[in-house]
Amino acid sequence: MTILASADSGSIARAAEILREGGLVAFPTETVYGLGADATSAWAVARIYDAKGRPSFNPLIAHVANIAAARREAELPEAAIKLAEAFWPGPLTIVAPAAPGGSVCELARAGLPSVALRIPDHPVARALIEALGRPVAAPSANRSGHVSPVTAAHVAEDLSGRVDMILDGGRTTAGLESTIVSFCDAEPTLLRPGAVAREKIEKVLGARLAAPERAEIMAPGMTASHYAPNARLRLEAHEVGAGEAALDFGGRLTALAAPGAIALDLSPKGDLVEAAANLFAYLRELDARGADKVAVAHIPERGLGEAINDRLRRAAAPKV
Ligand code: TXA
Ligand code: MG
């Protein structure tokens, strides 16, 4: 059931409570409506991908309350701070290396070593982030492949029944997504043109924005900088070979593994949202425990299974 509420202090407090419990809340920003979840919880973030019907785990923007919060999440170079001071709150997203003590979970970053941050310029969005007291991960609040919503009615058309609450704050003003600038390479790079014009950004930087590598702009979730495990993965396994660890789904491989073998089950009860929430952590754990060959169970290609399989196929591909 989706609660549709006009945004006021009472409904915003309720929305923050829903987020704290791992729920999904669509909320207005100055650009488009966002589909929000607690950015520090892989469980909550997995539900975003599920609700959107995304075929892969695209990295999400973490919306923060202030520059101090942004600095806790990312290593922001001087030039990024300049942009933040000039354009935040506002429709600019800054991508930078994730800070060691940062709280945005790996699933929200889609396994990347970087994190995307912005402070939205909308009273409802800001009140919600402040009430939660944590970063809010939010892609645009539309089903994958649909256009970004600028009214609560658009959100309801796409996501009614798939989110816990929609906060109605009227029509958004920009209607165009935020401009995304990355500080992960030698020069600041324009990853996505958006509501802040390139010229304005270049003026503040006193420098030109570089163009991204083609692959990166088309599919930032697919770049080589993604975390890839050291272990060799064998997908669609029906048994666990000698010396293999198991990455299971639904308990079948675990039952077949030799006693003492490493066996991690993405979801013993066969829940794809749970499996997505555990995926990155379990790949890391396999490495940490020294697994060098891993038998991976069949994951059904429905719902979040498509994104999980996409990620596993990349992780299994020969390394270059
Ligand atoms: O205006 C906006 O930006 C809206 C509102 C809700 O804030 N959000 C939005 O989110 O447009 P979404 O998920 O539709 O687009 C976010 C973009 C994606 O293209 C994603 O690939 C990119 O940000 N992105 C996020 N993290 C990234 C990272 N670490 N590196 C490169 N690109 C990243
Ligand atoms: Mg979008």
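Ligands are counted one by one from 1 in listed order, and the atoms in each one are counted from 1 as well.
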One finds that the ligand 1 atoms under 4.0 Å from a non-hydrogen atom of I61 are 3 (O), 8 (N), 9 (C), 10 (O), 16 (C)
In ligand 1, which numbered atoms sit nearer than 4.0 Å to a non-hydrogen atom of L112?
28 (C), 29 (N), 30 (N)
Nearest heavy atom to atom 17 (C) of ligand 1 wins, so pick from V95, I180, L191.
I180
Below the 3.5 angstrom mark, is there an N/O of T29, backbone or side chain, next to an N/O of ligand 1?
no
Mind running side chain to side chain contact (heavy atoms under 4.5 Å, CB included) on I67 and I119 for me, showing each step along the way?
CA-CA 8 Å; I67 293 186; I119 303 177; 4.2 Å; yes
Proximal ligand 1 atoms for S140, defined as those under 4.0 Å from one of its heavy atoms
8 (N), 9 (C), 10 (O), 12 (P), 14 (O)
Would you check, one step at a time, whether the test side chain to side chain contact (heavy atoms under 4.5 Å, CB included) holds for R71 with I81?
CA-CA 9 Å; R71 295 188 98 137; I81 295 289; 3.5 Å; yes
Under 4.0 Å, heavy atoms only, figure out whether ligand 1 is touched by the backbone of R109, its side chain, both or neither.
neither
One finds that the ligand 1 atoms under 4.0 Å from a non-hydrogen atom of P139 are 10 (O), 12 (P), 13 (O)
Is it the case that the side chains of E236 and H298 hold a donor-acceptor pair, with the cut-off being a distance below 3.5 Å and no angle test?
yes
Structural part of N58 in contact with ligand 1, heavy atom criterion under 4.0 angstrom
neither
Heavy-atom contacts with R118 under 4.0 Å: which atoms of ligand 1 show up? List them by number with element.
1 (O), 5 (C), 7 (O)
For S114, atoms of ligand 1 separated by under 4.0 Å from a heavy atom:
28 (C), 29 (N), 30 (N)
Between S178 and T93, is any side-chain donor less than 3.5 angstrom from a side-chain acceptor?
yes
Mark up the atoms of ligand 1 that fall under 4.0 Å of a heavy atom belonging to E177, in ascending order.
1 (O), 2 (C), 11 (O)
Evaluate T93 for polar contact with ligand 1, using N/O atom pairs at a separation under 3.5 Å.
no
Examine distances only and state if a side-chain atom of K52 and a backbone atom of N142 form a donor-acceptor pair shorter than 3.5 Å.
yes
Ignoring hydrogens and angles, state whether a donor on the side chain of E177 or S148 is under 3.5 Å from an acceptor on the partner side chain.
yes
Evaluate the criterion side chain to side chain contact (heavy atoms under 4.5 Å, CB included) for residue pair L266 and I299; output intermediate values, then yes/no.
CA-CA 10 Å; L266 290 167; I299 313 268; 3.9 Å; yes
Backbone or side chain, does S140 get an N/O/S atom under 2.8 Å to the Mg ion (ligand 2)?
yes
By number and element, which atoms of ligand 1 are closer than 4.0 Å to a non-hydrogen atom of A116?
25 (C), 26 (N), 27 (C)
Without swapping roles, check the side chain of D248 against the backbone of L253 for a donor-acceptor pair under 3.5 Å.
yes
I'd like to know whether the aromatic ring centres of F57 and Y49 sit less than 6.0 Å apart in this structure.
yes
